[in-house]
**Student:** 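Here you go, one structure.
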Amino acid sequence: MTLESLKKIFSDNGCEKIYIKNLAPNDNSKNQVYFAGNFEFLNILPVTNIIAEEAGDWKKERFKASLDFSWILENGELRPAPHSQLILYPKYPEVRFSGFLKKCENAPSELMTQRLANRLFFFSVTDTNRVIGYVTAPDSQIANEINSVELPLVHGVFRILELTDENRNRIRLLEELLRINQLGWIRSKRLDRFGNILPCEAPNCGGYTLEAELGITPNGHSEPDYLGWEIKQFGVSNFTRISSAIITLMTPEPTNGLYKLQGAENFLRTYGYNDRAGRLDRINFGGIHKVGILHPLTNLTLVIEGFDVESGKIRNATGKISLVDYKGNDTASWDFSSMLLHWNRKHNQACYIPSISDMKNLKHYRYGKHVILGRGTDFHLFFSSNG
């Protein structure tokens with residue numbers, strides 16, 4: 001295997017960049033492979049499931065995240081490693097890679113079971129959200145080649161070898177948003193799943209209209225929207241004051257509580273309130289719920305269980321964010337595992353676009369020329385902002 005042939009295998013599988021790590025002696029199948037000292041690294045890897053394992057001891061609390069991983073063999077073929085997973089330790093925090101040899105045909109066991117320093121581990125994410133990897137000995141031809149190349153880009157313990165111009169997608173996104181800004185007022189609309197333009201009169205048409213201009217069709221999947229970027233619009237009254245706007249980061253369905261067990265209608269009839277505009281056929285539920293503060297309309301309080309605000313760390317892997325009533329009943333809650341999975345799929349790259357609406361005649365929207373770009377984030381910061 002040469003560096004060029006390895007790059008071609010990654011490219012042929014739709015990869016855009018290769019992450020490379022010099023493995024330490026402890027990076028093996030017994031001790032797991034160290035990936036990162038924070039959960040930000042999780043945004044790079046498209047995990048398929050996350051489960052929490054409660055140990056009763058904070059030092060042993062952990063999450064397990066399934067990974068669709070395959071090894072690249074010397075002949076270029078791929079061999080799935082079906083038990084591959086990431087182990088997330090919130091105490092440190094830390095991310096490690098394990099299970100990558102179990103029941104994998106022709107796995108590189110000789111290299112990944114021994115305590116040999118400076119083996120090189122390569123991995124990348126394909127265009128179908130699979131992870132493929134390759135490992136080589138420290139004295140191999142490919143190791144000599146890669147060690148002679150200057151790679152200025154790094155992500156934690158990984159060097160980065162770019163296969164495409166990542167900045168090009170960012171530039172294309174900004175060019176499209178500038179085009180939309182220069183259109184001025186745009187009639188409210190949305191796309192159906194076939195790409196047909198339909199009228200839109202719902203309250204959240206600002207997002208649908210922007211997505212229609214970008215050609216984004218509704219799919220219901222928790223994946224980035226456009227060129228690898230998650231697209232979010234938010235309403236403002238003035239384009240010069242976008243920093244004071246309230247931005248919705250994500251909208252996952254509750255995983256437990258009355259909402260999950262008895263349905264949205266029961267939840268609304270129990271904790272909703274009469275429409276404040278006087279419409280008789282509506283029950284509303286909304287407003288900003290802050291941790292530890294009773295909301296005056298819903299009479300619910302937001303509670304975070306299992307996260308320590310002072311240290312900024314998860315103390316209980318089976319923790320959750322809940323809306324509780326005055327009796328302490330769980331009315332709607334989101335467990336850490338489900339939120340971590342949702343965050344992983346959507347928030348590595350996000351773009352927030354301000355909009356102004358005109359409801360005087362037919363509904364129209366304008367989009368500002370100043371946008372917010374966010375790249376890479378640690379899920380612990382989300383909890384800290386709520387605490």
Side-chain angles (χ1 to χ4, degrees), residues 38-40 42-43 46-54 58 61-66 86 88-90 93 204 207 220-224 230 232 234 246-272 284-295 297-309 311-348 350 352 374 377-387:
N38 56 57
F39 284 6
E40 177 187 343
L42 196 62
N43 294 313
V47 299
T48 56
N49 186 42
I50 298 178
I51 60 172
E53 290 193 346
E54 185 177 17
W58 181 49
E61 295 282 326
R62 63 183 182 178
F63 298 93
K64 288 186 175 181
S66 302
L86 299 178
L88 318 177
Y89 298 96
N204 58 344
H221 300 304
S222 296
E223 306 296 344
E230 166 73 356
K232 291 281 191 180
F234 58 98
I246 296 171
I247 299 176
T248 301
L249 293 180
M250 56 179 174
T251 55
E253 284 284 298
T255 55
N256 214 326
L258 182 139
Y259 183 103
K260 178 69 174 180
L261 299 176
Q262 299 185 25
E265 181 178 345
N266 192 300
F267 174 84
L268 283 171
R269 293 190 181 280
T270 305
Y271 299 105
N284 291 349
F285 183 91
I288 300 173
H289 290 75
K290 297 184 177 181
V291 174
I293 299 176
L294 182 71
H295 193 281
L297 295 176
T298 67
N299 290 313
L300 298 178
T301 302
L302 186 68
V303 175
I304 301 181
E305 302 176 29
F307 180 76
D308 181 60
V309 177
S311 66
K313 294 181 179 180
I314 295 171
R315 290 277 184 173
N316 187 338
T318 57
K320 60 184 179 179
I321 296 178
S322 307
L323 288 172
V324 300
D325 63 17
Y326 71 98
K327 294 182 179 180
N329 295 318
D330 181 353
T331 70
S333 59
W334 298 259
D335 62 65
F336 288 176
S337 295
S338 65
M339 297 189 73
L340 188 56
L341 181 62
H342 192 90
W343 190 267
N344 162 257
R345 290 176 174 173
K346 299 285 272 186
H347 290 85
N348 185 40
Y352 302 91
T377 183
D378 189 333
F379 191 53
H380 288 86
L381 297 178
F382 173 79
F383 286 124
S384 297
S385 68
N386 282 280

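All values below come from the heavy atoms of this structure, side chains included, with hydrogens, waters and symmetry mates left out.
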**Student:** Are the side chain of Glu61 and the backbone of Asn316 linked by a donor-acceptor contact shorter than 3.5 Å?
**Tutor:** no
**Student:** Any heavy-atom pair between the side chains of Ile51 and Lys64 that's under 4.5 Å?
**Tutor:** yes
**Student:** Please report the interatomic distance NE2(His289) to CG(Leu300), rounded to the nearest 0.5 Å.
**Tutor:** 5.0 Å
**Student:** Between Phe267 and Tyr271, what is the ring plane arrangement, given parallel below 30°, perpendicular above 60°, and tilted in between?
**Tutor:** tilted
**Student:** Is it true that, when you exclude Ile288 itself, more than 12 heavy atoms of the residues, nucleotides or ligands shown sit nearer than 6.0 Å to its CD1?
**Tutor:** no
**Student:** Rounded to the nearest 0.5 Å, what's the gap from CD on Glu40 to CG on Leu42? Could you check?
**Tutor:** 10.5 Å
**Student:** For a quick test of reading the model, state the closest non-hydrogen atom pair linking Ala52 to Ala317 and the distance between them.
**Tutor:** CB-O, 3.1 Å
**Student:** Classify the side-chain pair Asp335/Thr255 by whether it contains a donor and acceptor separated by less than 3.5 Å.
**Tutor:** yes
**Student:** Quick one: which residue pairs count as a salt bridge (charged side-chain N to carboxylate O under 4.0 Å, His left out) with a foot in residues 253-270, not counting sequence neighbours?
**Tutor:** Glu265-Arg269
**Student:** Nearest 0.5 angstrom please: Leu297 CG to Asn284 CG, how far?
**Tutor:** 9.5 Å
**Student:** Report yes if the side chains of Lys320 and Asp330 come closer than 4.5 Å at any heavy-atom pair, otherwise no.
**Tutor:** yes
**Student:** Closest heavy-atom contact between Ile50 and Ser337?
**Tutor:** O-CB, 3.4 Å
**Student:** Are side-chain heavy atoms of Ile321 and Leu302 found at a separation under 4.5 Å?
**Tutor:** yes
**Student:** Between atom CG of Leu88 and atom CZ of Arg62, what is the distance when rounded to the nearest 0.5 Å?
**Tutor:** 10.5 Å
**Student:** Are any side-chain N or O atoms of Ser338 and backbone N or O atoms of Trp334, one a donor and one an acceptor, separated by less than 3.5 Å?
**Tutor:** no
**Student:** Just wondering, do Leu258 and Asn329 contact through their side chains at under 4.5 Å, heavy atoms?
**Tutor:** no
**Student:** So, taking the atom named CG in Asp308 and the one named CD1 in Ile314, what distance separates them when rounded to the nearest 0.5 Å?
**Tutor:** 11.0 Å
**Student:** Give the minimum heavy-atom separation between Tyr259 and Ala332, together with the two atoms involved.
**Tutor:** CB-CB, 4.0 Å
**Student:** Using a 4.5 Å cut-off on heavy atoms from C-beta on, say whether the side chain of Thr331 contacts that of Thr270.
**Tutor:** no
**Student:** What's the verdict on side-chain contact (heavy atoms from CB on, under 4.5 Å) for Leu341 and Val47, showing C-alpha distance, side-chain angles and the deciding distance?
**Tutor:** CA-CA 7 Å; Leu341 181 62; Val47 299; 3.6 Å; yes
**Student:** Going by the angle between their ring planes, with limits at 30° and 60°, are Phe39 and Phe63 parallel, tilted or perpendicular?
**Tutor:** perpendicular
